[in-house]
S.K.: 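Following this message is one structure expressed as C-alpha cells.
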Amino acid sequence: MPIIAPSLLSANFLNLDADCKMLNESQADWYHLDVMDGRFVPNISFGPMLIEFFRKATTKVCDVHLMIEEPEKYAEQFKNAGADILTVHFEACTHLHRNIQQIKGLGMKAGVALNPHTPVSSVSDILHDIDLVCLMSVNPGFGGQKFIPFTLEKIKQLRKMIDEKGLNVHIEIDGGVTLENAPYIIAAGADVLVAGNTVFKSADQKATIAQLKAL
Ligand code: DX5
Ligand code: ZN
C-alpha cells in the first residue's frame, strides 16, 4: 500500500484546524508541508512558524519539502519546529552531501528532490546516505498543475537503481497526482504519493484519501 502524503498547500488556511482534523481521522500517513521562498521557486508559502502549529495538530509524520535556496541556514529551525523528514532540492545545494549530513546529524530523515529536468542519475552517489527521493512531476512552486508524463520513466529508472543497490529509499512523487494516474505511478515503482488538489478539492476528502491508499 502506498504512503499517502496530502499537501497542505491546498488546504483552507482560514480553517486549518478542520483540515488537520480531517487528515488525522483519515488514512493519510504523512503531512506534506511545502516551504517556498520566492527565490528558488516563484512563490512564497510558509515557514517554520506554521510547521510548529502543524506539529502540535498531529502525530503523523511531518514531511517538509524545502523549495528554498541555502537550506542549510534553516535546517535547525525546521528540526525545532518538528519536521520528521527534511527534503532539500538537488538544484539548490552546491554541497548536497554536506546538507544531507547536517539533516541526519540533527536527527531527521533526509530527502532530496529533483526538478523535472534533473536526471535521476544525479542522486546515484548519495543514494545510500538518504531516506527519500522526491521526484517532481510538475515544476515546483504551485499546486494544481498537470502531471508531466515522463516522470513515469524516471520512477522506473530510480526504482531500478535503488533495487540494484539493495537500498530502502522512498520514491515520492510530487505534483499533479490524481486518482487516474496514481495506479501508473505505483506500478512504475513509487511508494509515496503527494496529493494536494486531488485531496483538498474533492467533495469527500477522507474518501479520496482512502481511494488513494487502496491502490
Ligand atoms: C509543488 C508542491 C506540491 C504541490 C502538490 O511545488 O511541491 O507539493 O502542493 O499539489 P498538487 O497535488 O495539487 O499538484
Ligand atoms: Zn511538495
Side-chain angles (χ1 to χ4, degrees), residues 2-13 16 19-20 22-23 26 28-48 50-51 54 60-69 71 74 78 83-93 108-118 130-152 154-155 170-186 190-203 205 208-209 211-213 215:
I3 290 170
I4 308 301
S7 164
L8 277 292
L9 194 63
S10 303
N12 176 4
F13 277 64
L16 283 175
D19 284 348
C20 290
M22 179 282 293
L23 287 181
S26 79
D29 301 280
W30 298 355
Y31 276 35
H32 183 81
L33 302 168
D34 289 302
V35 177
M36 304 179 181
D37 66 352
R39 293 174 68 211
F40 179 69
V41 287
N43 195 10
I44 299 175
S45 59
F46 52 82
L50 199 55
I51 288 170
F54 287 128
K60 297 196 190 240
V61 167
C62 284
D63 170 35
V64 177
H65 177 194
L66 295 185
M67 285 161 275
I68 67 172
E69 289 179 4
Y74 304 97
F78 284 105
D84 298 299
I85 305 171
L86 199 64
T87 295
V88 294
H89 263 265
F90 174 83
E91 303 81 8
C93 297
M108 294 177 284
K109 291 196 169 165
V112 175
L114 302 181
N115 276 339
H117 73 277
T118 304
I130 61 180
D131 303 286
L132 174 148
V133 178
C134 173
L135 294 181
M136 293 307 303
S137 36
V138 299
N139 285 295
F142 305 93
Q145 302 182 80
K146 210 171 164 301
F147 182 84
I148 298 170
F150 187 69
T151 313
L152 292 175
K154 293 176 75 175
I155 299 170
H170 292 296
I171 302 180
E172 176 177 69
I173 304 307
D174 189 2
V177 173
T178 63
L179 284 167
E180 290 70 37
N181 61 24
Y184 300 99
I185 293 170
I186 293 163
D191 66 318
V192 185
L193 300 177
V194 174
N197 270 27
T198 291
V199 166
F200 286 99
K201 303 285 181 261
S202 74
Q205 299 170 341
T208 302
I209 292 168
Q211 277 175 279
L212 287 167
K213 188 73 189 167
L215 287 171

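All ligand and atom numbering here is 1-based and tracks the order in the structure. Values below: all heavy atoms of this structure, side chains included; hydrogens, waters and symmetry mates excluded.
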S.K.: Rounded to the nearest 0.5 Å, how far apart are CG of Asp63 and CG of Asp131?
M.R.: 11.0 Å
S.K.: Going from OH on Tyr184 to CZ on Phe147, what distance comes out if it is rounded to the nearest 0.5 angstrom?
M.R.: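 Answer rounded to 0.5 Å: 11.5 Å.
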S.K.: Between atom CD of Gln211 and atom CG of Leu179, what is the distance when rounded to the nearest 0.5 Å?
M.R.: 5.0 Å
S.K.: Looking only at side-chain N and O atoms, does Asp34 offer a donor or acceptor that is under 3.5 Å from a partner on His32?
M.R.: yes
S.K.: Nearest 0.5 Å, please: how far is CG in Leu8 from OH in Tyr31?
M.R.: 6.5 Å
S.K.: Contact residues of ligand 1 with a heavy-atom cut-off of under 4.0 Å?
M.R.: Ser7, Leu9, His32, Asp34, Met36, His65, Met67, Met136, Pro140, Gly141, Phe142, Gly143, Gly144, Asp174, Gly175, Gly176, Val194, Ala195, Gly196, Asn197
S.K.: Scan residues 191-203 for pairs that pass side chain to side chain donor-acceptor pair (under 3.5 Å), counting only residues two or more places apart or in two chains.
M.R.: Ser10-Asn197, His170-Asp191, Ser202-Thr208
S.K.: Using a cut-off of 2.8 Å, how many protein N, O or S atoms sit around the Zn ion (ligand 2)?
M.R.: 4
S.K.: Test of understanding: with side chain to side chain contact (heavy atoms under 4.5 Å, CB included), list the residues that count as partners of Asn115, not counting sequence neighbours.
M.R.: Phe40, His89, Glu91, His117, Thr118, Met136, Pro140
S.K.: Answer yes or no: is there a donor N or O on one side and an acceptor on the other, between the side chain of Glu172 and the main chain of Leu132, under 3.5 Å?
M.R.: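 Side chain of Glu172 to backbone of Leu132: no pair is present.
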S.K.: Quick check: does any side chain N or O of Asp174 sit under 3.5 Å from a backbone N or O of Cys134, one acting as donor and the other as acceptor?
M.R.: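 Judged by distance alone, no pair lies under 3.5 Å.
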